[in-house]
Asker: 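Structure below; questions to follow.
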Amino acid sequence: MNNFSIETNVPTGFLRLEQVLKLIPVSKATWWSGCKTGQFPKPFKLAPRITAWRVSDIQSCIENFRPAKDTF
């Protein structure tokens, strides 16, 4: 018997930058800086001029998001 199962309620696919920034409201510069430092998920090149992020990675990012502490 095969014990292989697939989680069917987990969204799959990719989101483009415009879609990501609607879910995580930061500037493009902040987003790209966070991708470089590891604060945000790493992007995937789908084609030479197409960059996207996994839906599951963005969901994890939102769930684990911790806003910066106020500095004033």
Side-chain angles (χ1 to χ4, degrees):
M1 176 151 243
N2 189 350
N3 290 334
F4 181 76
S5 67
I6 297 174
E7 186 78 28
T8 57
N9 62 352
V10 177
T12 59
F14 290 90
L15 296 172
R16 300 286 305 272
L17 181 59
E18 185 177 301
Q19 296 167 308
V20 170
L21 295 180
K22 287 179 182 177
L23 299 171
I24 304 172
V26 296
S27 71
K28 286 182 184 181
T30 299
W31 179 258
W32 283 111
S33 176
C35 289
K36 278 186 174 182
T37 63
Q39 179 184 7
F40 298 130
K42 76 174 194 162
F44 290 88
K45 292 294 278 183
L46 302 180
R49 294 183 59 165
I50 299 176
T51 302
W53 289 262
R54 287 185 186 147
V55 170
S56 59
D57 291 345
I58 298 302
Q59 284 183 324
S60 294
C61 181
I62 292 169
E63 290 170 5
N64 298 323
F65 180 72
R66 298 183 196 279
K69 292 185 178 182
D70 293 333
T71 57
F72 48 94

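A quick note: this is a predicted structure, and the numbers were derived from the prediction, not measured.
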Asker: Should L23 and F14 be counted in the same cluster of Ile, Leu, Val, Met, Phe, Trp and Tyr side chains packed under 4.5 Å apart?
Answerer: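 Shared cluster, no.
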
Asker: Please tell me if the side chains of L17 and T51 come closer than 4.5 Å, counting only heavy atoms from C-beta onward.
Answerer: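 Contact flag for L17/T51 side chains = no.
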
Asker: Got a donor-acceptor contact below 3.5 angstrom from the S33 side chain to the A29 backbone?
Answerer: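 Checked: no pair found.
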
Asker: Following the transitive rule for hydrophobic clusters with a side-chain heavy-atom cut-off under 4.5 Å over Ile, Leu, Val, Met, Phe, Trp and Tyr, establish whether I24 and W32 coincide in one cluster.
Answerer: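 Per the 4.5 Å side-chain linkage, I24 and W32 are co-clustered.
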
Asker: Same cluster for V20 and F44 if Ile/Leu/Val/Met/Phe/Trp/Tyr side chains link at under 4.5 Å?
Answerer: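 No; tracing contacts between hydrophobic side chains, which count when under 4.5 Å, never links both residues.
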
Asker: Within a radius of less than 6.0 Å around NZ of K45, do more than 12 heavy atoms belonging to other residues, nucleotides or ligands occur?
Answerer: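 More than 12 heavy atoms, drawn from other residues, nucleotides or ligands, come within 6.0 Å of this atom.
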
Asker: Decide whether I62 and W31 are clustered together by the hydrophobic rule: side chain heavy atoms of Ile, Leu, Val, Met, Phe, Trp, Tyr closer than 4.5 Å, transitively.
Answerer: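 Linked within one cluster.
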
Asker: Could you report the tightest heavy-atom contact between R16 and R49, atom names first, then the distance?
Answerer: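 Shortest heavy-atom contact: NH2-O, 4.2 Å.
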
Asker: Would you check if F40 and D57 make a side-chain contact, meaning some heavy-atom pair closer than 4.5 Å?
Answerer: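 Of all side-chain heavy-atom pairs linking D57 with F40, none is under 4.5 Å.
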
Asker: Looking at side-chain heavy atoms only, is the closest gap between W53 and C61 below 4.5 Å?
Answerer: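 Heavy-atom side-chain distance check fails, nothing below 4.5 Å.
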
